[in-house]
Amino acid sequence: MSELHFIVNGKSVRVETDGSKPLLSVLRDDLNLRGTHFGCGTEQCGACMVLIDGKPAHSCSREAQTVAGHSITTVEGLSQNGALSPLQQAFLDEQAGQCGYCLSGILISASALLAANPAPTRAEVIAALDPHLCRCGIHNRVIRAVQKAGAAMAGAPR
Amino acid sequence: MIDTKLPLSLTDNPILSQWIAFNEPGRVRVGSGKVEIGQGILTALTQIAAEELDLGVEQVNLVSGQTDVSPAEGFTSGSYSIAVGGASIRLVCAEVRALFLDRLAETLKCPVAELSVANGKFLRNGKGTGRDYWSMAVEIDLERRASGTAPVKKPSSYRIVGKHLPRLDLPAKISGKGFVHDMAPNGVLHARVLRQPWRGAHLAALDEAAVRKAAQAPIDILREGEFVAFTSADETAIMRAAEAARTLAKWDGGAPVPDDAGTPDWLKRQSARSRTVETGVQTPAQGNRVVEASFSRPFLTYSSIGTACALAEWKDGHLNVWSHTQGPAVLRDWLARALKLEARQVTVIHTHGAGAYGHNTADDAAFDASFLAMRHPGRTIRVQWSREDEFLGAPISTAMAIDLRAVLDADNKPADWTIEIWSPPHAQRPGMNGNANFSSETALPNPLPMNPLGDVPDERGGGATRNAVAIYDLPRHRLVHHLLPEVPIRTSSLRGLGAWANVYAIEMFIDELAELAGEDPIAYRLSLLSDPRPRRVVETAAKISGWFDKPKLPEGTARGFGFARYKNIAAFAAVVVEAEVAEDIRLKRIWCAADAGLVISPDGARNQVEGGIIMGASFVMREQVKFAGGRVANSTWDDYPILRFSDIPDIDIELIDNPNEPALGLGEASVGPTGAAIGNAVARALGKRIRDLPLTRERIVATLMAD
Ligand code: FES
Ligand code: FES
């Protein structure tokens with residue numbers, strides 16, 4: 001057991017845990033942030049995607065202690081004061097979801113894409129989301145939602 | 001006309017109070033035994049209830065799959081949810097509304113025709129009466145049988161059904177919430193089960209000390225018979241233990257599966273129960289052109305993105321189970337049997353999981369958790385499967401071999417048609433054939449006896465024979481079905497069961513006949529379709545894709561077509577695929593026309609059709625469960641690839657507006673036609689037909705190299 005420190009969704013947190021556990025387990029079990037999901041544990045599906053210092057990273061197979069001290073964003077960190085982010089709103093507007101299990105990871109990667117490139121082409125969205133699997137087949141809706149969110153964010157007053 | 005003959009759900013749950021309660025001011029509880037599996041059913045059923053009761057959608061509290069209060073409606077499967085569950089809710093709500101209005105008419109001594117309902121309030125000649133459902137609820141006895149005779153609304157008067165209503169469950173999911181996986185009650189005990197690698201396998205050795213060491217934290221190990229479970233308050237510890245145990249365990253005995261399982265040769269060698277169904281008069285082969293072709297599909301798996309998860313708690317003689325099962329009431333009954341309890345001692349609470357596309361591991365996980373809960377009274381047990389166990393232990397969608405033979409008449413039309421199918425059963429859900437069908441149950445000492453297996457009967461859509469009868473005008477049809485009931489694999493239902501493989505074979509074969517006749521594939525099909533309804537679907541797909549404009553396509557790119565009516569009674573779908581075929585297939589664009597009669601939620605319907613297209617494409621292009629060393633050899637998405645973002649083309653969907661026809665199940669309709677359209681596009685691009693699936697790079701290369 002050791003004490004690890006992270007910035008999670010903008011807040012500084014300390015947690016007493018086994019640092020060799022996957023980051024995903026620390027988020028879900030120790031910090032009770034259960035929006036990030038387990039799909040495979042082997043970096044193949046993207047259900048567990050989080051941002052580490054703003055970059056998408058699989059949390060399922062990364063030891064928590066290797067990212068101690070870093071800034072982590074989970075799906076819970078996308079909404080601000082309980083309000084959906086423009087990206088989440090675009091997913092709702094496009095009804096981009098069936099079972100929704102894949103969504104928290106996809107939203108994370110999409111948010112990183114839009115932060116770097118607010119007007120991605122279809123090909124760019126696809127490249128950013130290719131680490132994510134969705135078995136229900138909502139891919140085209142997701143692509144549209146990401147592009148619309150980018151447009152909405154670019155048009156919104158800053 | 002909307003059919004008012006009582007749907008099955010209503011004959012099974014005939015009392016109005018099983019469906020509806022006015023127990024909360026301003027809100028109506030409507031029960032459903034159908035459950036959300038990502039298909040938007042909660043939203044669609046809410047629309048139906050609000051429509052018939054004249055409520056706002058926010059006034060409907062749809063309680064689904066909670067066995068203590070919801071009606072028992074079997075499984076949510078086979079596109080039955082809207083057609084059967086929705087029809088029941090429509091009839092119940094119409095009847096309840098009529099009971100209230102009749103009563104009010106008596107009280108006010110006025111004709112019922114003067115009364116109407118708005119947001120649950122009763123109006124007379126458009127003016128408030130001061131009465132509503134809630135104030136009158138005490139006067140209406142709902143402990144009575146549904147008659148199913150109250151008039152339902154005319155589709156032309158619909159305000160809510162057929163209009164866009166955003167999915168009610170999506171806001172939570174967009175925030176990562178709402179799944180059974182996310183339940184984390186205090187003091188939960190996590191568990192993982194060591195799965196048997198094949199049926200009847202005996203655990204010859206397991207180095208428990210090594211397993212405990214791998215866990216890196218204290219765990220408990222429970223062993224009964226061939227059942228082994230690891231429990232701990234720390235989920236990571238049992239994940240590590242289970243992973244170590246999977247490699248450490250030594251198994252023998254039982255029925256390991258041979259490596260060639262699933263090939264046509266292997267299928268045709270298995271012991272069979274055979275039957276023939278014939279219509280029409282035989283046309284002799286002699287003097288006529290005879291065409292024959294053999295097709296096959298491999299074993300497939302569900303591959304939901306989330307693994308199975310369940311929680312269970314045994315307290316004060318009652319078992320509560322949270323599960324993403326597709327059949328909450330059936331699960332309750334069979335958990336009770338397998339655990340030697342009364343059904344009333346068990347409550348199953350449906351809680352959302354990842355998409356279920358058939359009989360996946362949800363029920364198995366529920367059994368694991370329930371069994372362990374009874375060994376740990378008072379504790380909540382949480383079981384979640386590993387991805388490797390999903391591949392290894394999930395029911396398997398069975399391989400099939402399909403032979404087709406046609407005797408052609410002078411116009412090159414099929415005068416005599418035979419389809420011959422070899423297939424293990426497509427359904428081993430809990431309760432089917434009177435078996436519990438929980439994977440761990442058979443690993444325990446003294447399992448319930450196992451009854452012989454059958455397939456889904458034809459009158460319920462069939463399993464291997466689903467869509468085996470081609471929809472075309474065939475004067476003589478012969479179906480030979482070899483059910484292979486002794487295959488030592490838990491074969492069960494995946495989206496469409498045998499339908500998509502039969503559609504693949506039939507639609508590839510029809511293309512072959514069209515080519516022999518020197519006709520355009522769609523024109524040839526139309527010449528075999530006299531019924532205007534399917535013709536319109538085929539013609540619409542041709543129109544939206546510009547099929548008959550014969551667009552000039554680049555070298556190596558071709559279009560293919562596929563068509564079917566799911567189960568020959570549900571929705572129609574016709575699909576055009578444009579694909580570029582080199583060593584790999586690249587989908588360029590897909591068009592689909594579908595007719596599902598009355599569509600309750602148009603956007604939800606499109607979402608389902610598109611999901612079916614993508615899954616159908618994935619099935620035929622990529623997927624295959626293989627066996628090695630007696631067990632499933634796939635353990636990751638590297639060796640069981642499914643379509644991903646970079647594979648998905650633009651997809652155009654046209655839903656044919658047909659609101660005066662009954663709502664038809666839509667979830668599976670596009671799967672088969674899409675696969676067939678891809679097969680036909682590949683055949684046209686290569687100049688060779690690939691009849692054995694999947695259409696992998698190796699197979700394409702081998703086909704190109706052959707002769
Ligand atoms: S759970 Fe991390 S990629 Fe699948
Ligand atoms: S919506 Fe179900 S896996 Fe993506």
Side-chain angles (χ1 to χ4, degrees), chain A residues 17-18 20-22 25-26 28-29 32-42 44-47 74-76 78-79 84 87-89 91-93 95-107 122-123 125-143, chain B residues 36-40 164 166-167 169-179 181-184 216-217 234-236 239 243 302-307 352-357 384 386-388 603-604 607-608 610-615 618 636-638 642-651:
Chain A
T17 190
D18 165 3
S20 71
K21 284 196 335 193
S25 302
V26 172
R28 285 178 60 86
D29 296 343
N32 202 29
L33 291 168
R34 299 183 72 84
T36 308
H37 291 129
F38 174 89
C40 63
T42 51
Q44 294 192 321
C45 72
T74 67
V75 66
E76 290 89 349
L78 293 182
S79 51
L84 294 183
L87 178 63
Q88 287 168 310
Q89 188 57 50
F91 273 61
L92 272 191
D93 293 345
Q95 291 286 291
Q98 283 190 28
C99 77
Y101 196 86
C102 62
L103 284 176
S104 27
I106 287 177
L107 284 159
R122 181 179 167 98
V125 178
I126 287 174
L129 298 185
D130 220 33
H132 295 273
L133 296 179
C134 169
R135 185 57 154 167
C136 296
I138 60 165
H139 307 74
N140 281 325
R141 285 170 182 253
V142 166
I143 295 166
Chain B
E36 184 66 50
I37 48 176
Q39 84 287 41
H164 178 57
R167 280 269 300 272
D169 56 326
L170 210 49
K173 290 175 178 173
I174 256 146
S175 310
K177 290 201 277 270
F179 298 98
H181 308 75
D182 304 338
M183 293 175 61
Q216 297 176 44
D234 177 353
E235 188 180 10
T236 308
M239 285 167 74
E243 191 178 323
Y302 306 82
S303 201
S304 298
I305 304 305
T307 58
H352 296 195
Y357 318 98
Q384 183 169 0
S386 67
R387 176 56 50 191
E388 293 79 359
D603 186 68
N607 207 342
Q608 284 294 296
E610 181 150 334
I613 288 171
I614 291 171
M615 188 172 278
S618 189
T636 70
W637 276 299
D638 273 345
I642 61 174
L643 286 199
R644 48 200 317 139
F645 272 93
S646 48
D647 297 308
I648 309 297
D650 274 324
I651 298 174

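Since the structure is predicted, the reported quantities are computational estimates derived from the model, not experimental observations. Within every chain, numbering begins at 1; the chains are lettered A, B, ... in the order of the sequence lines, protein sequences first and strands thereafter.
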Exercise for the section: Flag the one option from L33(A), L133(A), I126(A) with the top tally of heavy-atom pairs under 4.5 Å to chain B. Expected result: L133(A)

Exercise for the section: Taking all heavy atoms of C45(A) and all of W637(B), pick out the closest pair and write down the distance. Expected result: CB-CZ3, 3.3 Å

Handout entry: Test salt bridge (Lys or Arg N to Asp or Glu O under 4.0 Å) applied to E388(B) - qualifying residues, sequence neighbours left out
Key = R246(B)

Problem - Portion of D93(A) that has a non-hydrogen atom of chain B nearer than 4.5 angstrom - result: neither

Exercise for the section: State, yes or no, whether a side-chain contact exists between D650(B) and R122(A) at a heavy-atom distance under 4.5 Å. Expected result: yes

Problem - Region of N140(A) in contact with chain B, defined by heavy-atom distances below 4.5 Å - result: both

Problem - S20(A) versus chain B, the contacting section by heavy-atom distance below 4.5 Å - result: both

Problem - Residue P649(B) versus chain A: region with a heavy atom under 4.5 Å - result: backbone

Practice task
Evaluate the side chain to side chain contact (heavy atoms under 4.5 Å, CB included) criterion for residues I174(B) and Q89(A): first the C-alpha distance (whole Å), next the side-chain angles of each, then the deciding distance (0.1 Å), finally the verdict.
Solution key: CA-CA 9 Å; I174(B) 256 146; Q89(A) 188 57 50; over 6 Å; no

Practice task
Sort I106(A) into side chain, backbone, both or neither according to what part of it lies under 4.5 angstrom from a heavy atom of chain B.
Solution key: side chain

Fill in the blank from the handout: Closest non-hydrogen contact found for T307(B) with G39(A) is CG2-O, 3.7 Å

Handout entry: Best-contacting candidate, Q39(B), Q384(B), E36(B), against chain A by heavy atom pairs under 4.5 angstrom
Key = Q384(B)

Exercise for the section: Please state whether the side chain, the backbone, both or neither of L107(A) comes within less than 4.5 Å of a heavy atom of chain B. Expected result: side chain

Practice task
Tell me, for H352(B) versus chain A, whether the close heavy atoms (under 4.5 Å) come from the side chain, the backbone, both or neither.
Solution key: neither

Handout entry: Side chain proximity check, D603(B) to R141(A), heavy atoms < 4.5 angstrom
Key = yes

Practice task
In sequence, state the C-alpha distance, the side-chain angles, and the governing distance for R167(B) and L92(A), and then conclude on side chain to side chain contact (heavy atoms under 4.5 Å, CB included).
Solution key: CA-CA 9 Å; R167(B) 280 269 300 272; L92(A) 272 191; over 6 Å; no

Handout entry: Most contacts with chain A, counted as non-hydrogen pairs under 4.5 angstrom, among S386(B), A354(B), G604(B)
Key = A354(B)

Problem - Shortest non-hydrogen separation from S175(B) to L84(A) and the atoms involved - result: OG-CD2, 3.8 Å

Handout entry: Option in V75(A), L129(A), L103(A) with maximal non-hydrogen atom pairs under 4.5 Å from chain B
Key = L129(A)

Exercise for the section: State, to 0.1 Å, how close Q44(A) and R644(B) come at their nearest heavy-atom pair, and which atoms those are. Expected result: O-NH2, 4.4 Å

Exercise for the section: Taking the side chain as every heavy atom from C-beta outward, state whether Q98(A) and I37(B) have any atom pair closer than 4.5 Å. Expected result: no

Handout entry: Side chain E235(B), main chain S25(A), donor-acceptor under 3.5 Å
Key = no

Exercise for the section: Locate the shortest heavy-atom distance separating G137(A) from I614(B); write the atom from each residue and the value. Expected result: O-CD1, 3.4 Å

Problem - Part of I613(B) lying under 4.5 Å from any heavy atom of chain A - result: neither

Handout entry: Closest-packed option against chain B by number of heavy-atom pairs under 4.5 Å, given A123(A), G46(A), C40(A), S104(A)
Key = C40(A)

Handout entry: Greatest number of heavy atom pairs closer than 4.5 Å to chain A - which of T636(B), I648(B), L643(B)
Key = I648(B)

Problem - Rounded distance (nearest 0.5 Å) linking atom CE of M615(B) with atom SG of C136(A) - result: 7.0 Å

Problem - Heavy-atom proximity to chain B below 4.5 Å, by part of S79(A) - result: neither

Exercise for the section: Check whether Y357(B) gets within reach of chain A through its side chain, its backbone, both or neither, counting any heavy atom under 4.5 Å. Expected result: side chain

Problem - Which atoms of D234(B) approach chain A - backbone, side chain, both or neither, heavy atom under 4.5 Å - result: side chain

Handout entry: Heavy-atom proximity to chain B below 4.5 Å, by part of V142(A)
Key = side chain

Problem - Any donor-acceptor N/O pair, R135(A) side chain to I305(B) backbone, under 3.5 Å - result: no

Practice task
Measure the shortest side-chain to side-chain distance between I143(A) and F645(B) over non-hydrogen atoms and say whether it is less than 4.5 angstrom.
Solution key: yes

Problem - Expected output: side-chain R34(A) to main-chain K177(B) donor-acceptor under 3.5 Å - result: no

Problem - chain A contact via M239(B) - side chain, backbone, both or neither, heavy atoms under 4.5 Å - result: side chain

Problem - Shortest non-hydrogen separation from L170(B) to G97(A) and the atoms involved - result: CD1-CA, 3.9 Å

